[in-house]
Every structure is written in structure tokens, then in C-alpha cells.
Amino acid sequence: MIDVVIAGAGPNGLMLACELALAGARPLVLERLAEPTSEQRANGLVGQVVRMLDRRGLYERLTVPGAPNTPRPAPSYVFGAFPLDLNGLPDNPLHTLRVPQSRIELMLAERAAELGVEVRRGHEVIGLTQGEHSVLVELRGREPVEAAFLVGADGGHSVVRRLAGIEFPGVTRDDSVSRTAHVSVPRERVGADGGLVVPGFGTVPPYRHLRTEHGLIAWAPFPDGDPLISTVEWGQPAEGEATLDELRASVARVLGAEVPLGPPAGPGPHMMRRLLGGNTRIASRYRAGRVLLLGDAAHVHSAIGGPGLNLGLQDAVNLGWKLAAEVRGHAPEGLLDTYETERLPAARRVAMHTQAQSLLTRPGSEVTALRELFGELLDRPATRQHLAHLLSGDDLSYDMGPATGALVGRWAPDLSGLQGLPDLRELTRTGRPLLLDPTGTLDAGPWASQVDTVTVPDLDTALLLRPDCYVAWQGTTGDGLHEALGTWFTAA
């Protein structure tokens, strides 16, 4: 019997497969599509997941030759079509990596193959039957597959979620139209900084949303491909197939000036997409018996600010080691339930701030007044610091039971430059629990075979890191260490 069947070979499903394999479980990935999609989707990674990939040794696989091989904080970003200056913040946690989703999927597929994960394409899940110790997964035109658990990583229209009877409450808005396409523009229309020069309007800055009284526009002049332009309008219905002429007209309405947009010149794949309205929904529960939800199957929201992959991939890192412990019989009671209690609040935070950002981009004098006030607040470093933590996804602290300390429940800091400590990303590549001991005397007791212990003389406090790099215990002596180990791991 398979340990875990994962429905969906997108980034979230593949990341979960890698995490399960690292933890000693045997996953099987089933994907409905016979081939990877050529559809252009996300254009990069934003937030804590950038550093998490680095700690698994995967960041370097996504960077271009000559680029820094470790993540660096972003000097600026955007929030609700406001520029967000992050320079000078005492703690800038926001990291970005500009890379297309197709490349992320390819990298994760290669990593999964290295770890021995099997991916079966052209396998569509159409039914499931739960038993006491397993779930039978029914497939279209193929023999069913039995597994200890089934994880739905099959997107916002998740079949697994529906089959498991999990509700998907939230709100749907149908008053907006988003248009996005790869285009070409005359060379003289691109400024030295990459901005789109529009006579009669001004310059549309690169890689950020710009709000006008008539809508929203974004311009992305990717150096290794055709530029991408996107608009959002309200009260402008659309029918039929999306066209370049339709996009030109939309850009003209938003900017009040014509832009000579031509068809893309590069080899592609190219995007020409229109989306009507949007959804903000969160599953009523992340687990129903032996079925769990992951990524967009558990939550959908506006794409503004690019938080989707940060949220979904972090779901996978949180779930992987817990689910592996469950199928291998190494999980303390209630461990798997902490997946929902820890990640559901993260989804609510993303739903909150994407709804707030979307409101700030709408047209109208009331929104303009709100933006004026919000702009004044952004002049305060404390506001920008708060938003940096919110957008990075590291503003939540998990409940670690009786363990106390300033770092307990938080994502572990980088701890770079400390004597005797190898690069933390070298220690966390295996996905095993990690005990950082400044004294060299701490005893993990019956958990010693499950925890990697490293002596770090320059560290002023001992730290126990879970496989997802969250601090489960902190102390200067061994008090409470065994209790914390027992909370998260089963003694050998």
C-alpha cells in the first residue's frame, strides 16, 4: 500500500512529495494532465518560502548564473499599488525571487525524482472511499490506488475537496475584469529603468501595480522574455475570446492614453488571458479523516502581492514531516491536527491582506481619500516594518505548548557568522529535527537517534528546530527539552 497519494503535480504537490520522501515516507503523485501545462502562471516567489527553499538546498537551482547563491532581502516591494520602501528597516524579512512557475515546477519535479518519488501523469481522480486504515482512490479508466492518506493539491476547483465533503466558504466578486498578455512595444517606449513611457500620461513603473482613477495596470519587462502587461477594470464587461485589441483598449481606458502594443516577438509560451471577478475562500477544515487539503485546494485569494506560492509551499513544508511521522507510526497524539491549527491562521492572514490591497486599488473618490491617509501611514518606518512581516508570512507564531522563550514558535533566524555553526542551510537540507547546543552537554535522551545535535559555542541559547525550521524549544539548560521533544516526536 502507498503511504500517501498526492493529487496534483503543481509546485505544492511536488514540494509535499519531496518533504515526505525526506522524512522517509513513500508518496505517489497523480496528475490529471498528461504533460506539464504551458500556461503562464506565477512569475516568482515572495516571502519566507524563498529562504525555506534555500534551507532545503533548492534556492541555487532557481537562480541564474552569476546571481547571488543566497537570498537577499528585497530593497522595495508594493502593497495595494503603493511603493513599499524597505531600505533602512532594522529587520527586513521580505525576500523575492523572480522566476516563472514553470521553472519552479520543473526544479521540484527533478528534486522529487532524485528522492525516488513516482509521478504518474494522465491519472485523474474521480472518487474516493475511506476506510479505517486507508483510503481507496478511484481513477478514470484505471485501476484504483490504495493509500494510507490522500492529499488534495489539485487547485481551487479541487475534486478531492468536493469528494471529501469539505465546504469552501468565502466571497465571490464578479464586478472586475483582469486582462494579461505578453506583448511587444517600440524600444523608445521603454525607459532606462525599464518603465513604460506613455506620452500624455507619464511613466508606468516596472514590476509594480499602478492605480489610476480608472483602474489598475502592471508592467513587467522581463529581461529574458517578452514583457507582460496587465490591467484590472471595474464595470467593463467582456465576452468572447480575449484579444490584443481588447487589451489595448483597456490600457487606453486605464491610462487615458494610447500605448502601441504589438504581439510578442519571442518564442513563448505566451499568455493571453482574461479573468472575470475573483474569489476569496478558505476550506472549512483542512482534514476529513484520511484526506487532507494543500495549497489552493485549501484556500484561494487575490493574486495581488504574489502571496500564493509562499502560502502553499509553506503548507507543504509544515505538513510533510507531520504526515510522514503519522504513516510511519512515529507521530505523537494530535500531531497531524496541528497542520490545520498552524496553517489555517496563515491562510486567513493572506485572505485579509489581499482583500485589503484589492480595495485600495479600486477606483473612486472614497478610495482616493483612503489612499491619501494610508500613504501618510506608510511614511512611518513602523508601518513599513509591519507590512514587510505580513507580506513575508513570518508574522505568525505557532503554539509550542509549555515551551517559552523569545524565539519559541517563530521561524528560526539565520544565525550566520556564529563560531562552530556551519551554514544553517547545510544543516536543514535533510529535513530532520535539529538541536543547536552551545554547551555540548544537552542530552536528547530517547529522541537522540531522531534529532541532529550540533554544538555551537557562540550561541547564547540552545534551540530545538522542527523539520520546518520553527523553534520548538529554547533554553540555557536542559529544562523542558525532553517535554518539547515529546510534544513533537515519538521517542525511539
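Small disclaimer: the values here were computed from a predicted structure and weren't measured.
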Donor-acceptor contact present, side-chain [X] to main-chain [Y], <3.5 Å:
X      : Y      : answer
Arg179 : Ile229 : no
Trp411 : Gln48  : no
Asp154 : Val159 : yes
Gln474 : Leu407 : yes
Gln130 : Val135 : no
Asp437 : Leu442 : yes
Ser184 : Pro263 : yes
Arg140 : His123 : no

*Please step through side chain to side chain contact (heavy atoms under 4.5 Å, CB included) for the pair Gln385 and Leu86, ending with a clear verdict.*
CA-CA 8 Å; Gln385 181 71 76; Leu86 304 177; over 6 Å; no
Salt bridge or not for [X] and [Y], using N-O below 4.0 Å?
X      : Y      : result
Arg425 : Glu60  : yes
Glu19  : Arg56  : yes
Glu326 : Arg328 : no
Arg429 : Glu426 : yes
Arg61  : Glu114 : yes
Lys322 : Glu342 : yes
Arg55  : Asp414 : yes

*So among Thr354, Val232, Val78, which one has a side chain to side chain contact (heavy atoms under 4.5 Å, CB included) with Ile304?*
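Between Ile304 and the candidates, side chain to side chain contact (heavy atoms under 4.5 Å, CB included) is satisfied uniquely by Thr354.
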*Do you know which of His386, His389, Arg349 makes side-chain hydrogen bond (donor to acceptor under 3.5 Å, both in side chains) with Asp395?*
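Only one of His386, His389, Arg349 forms a side-chain hydrogen bond (donor to acceptor under 3.5 Å, both in side chains) with Asp395, namely Arg349.
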*Evaluate the side chain to side chain contact (heavy atoms under 4.5 Å, CB included) criterion for residues Phe149 and Leu336: first the C-alpha distance (whole Å), next the side-chain angles of each, then the deciding distance (0.1 Å), finally the verdict.*
CA-CA 12 Å; Phe149 287 91; Leu336 194 53; 3.9 Å; yes
What distance do [X] atom [atom1] and [Y] atom [atom2] have between them, rounded to the nearest 0.5 Å?
X      : Y      : atom1 : atom2 : value
Leu427 : Leu434 : CG    : CG    : 5.5 Å
Leu106 : Arg111 : CG    : CZ    : 14.5 Å
Leu94  : Leu387 : CG    : CG    : 10.0 Å
Tyr470 : Asp394 : OH    : CG    : 7.0 Å
His95  : Leu53  : NE2   : CG    : 12.0 Å
Leu313 : Leu16  : CG    : CG    : 10.5 Å

Between [X] and [Y], do the side chains contain an N or O donor and an N or O acceptor separated by less than 3.5 Å?
X      : Y      : value
Thr172 : Asn279 : yes
His299 : Asp315 : yes
Glu146 : Ser134 : yes

*Counting only heavy atoms not in Arg173, do more than 12 fall under 6.0 Å of its CZ?*
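Open.
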_Atom CD of Glu167: over 12 foreign heavy atoms under 6.0 Å_ =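 Count not over threshold, so no.
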*Test side chain to side chain contact (heavy atoms under 4.5 Å, CB included) on Met400 and Trp488 and set out the steps.*
CA-CA 9 Å; Met400 296 293 172; Trp488 301 105; 3.3 Å; yes
*Check the pair Val29 / Val117 against side chain to side chain contact (heavy atoms under 4.5 Å, CB included), numbers first and verdict last.*
CA-CA 8 Å; Val29 181; Val117 175; 4.0 Å; yes
*Any cation-pi pair here, Arg466 with Tyr398, using under 6.0 Å and within 45°?*
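The answer is no; the distance or angle limit is not met.
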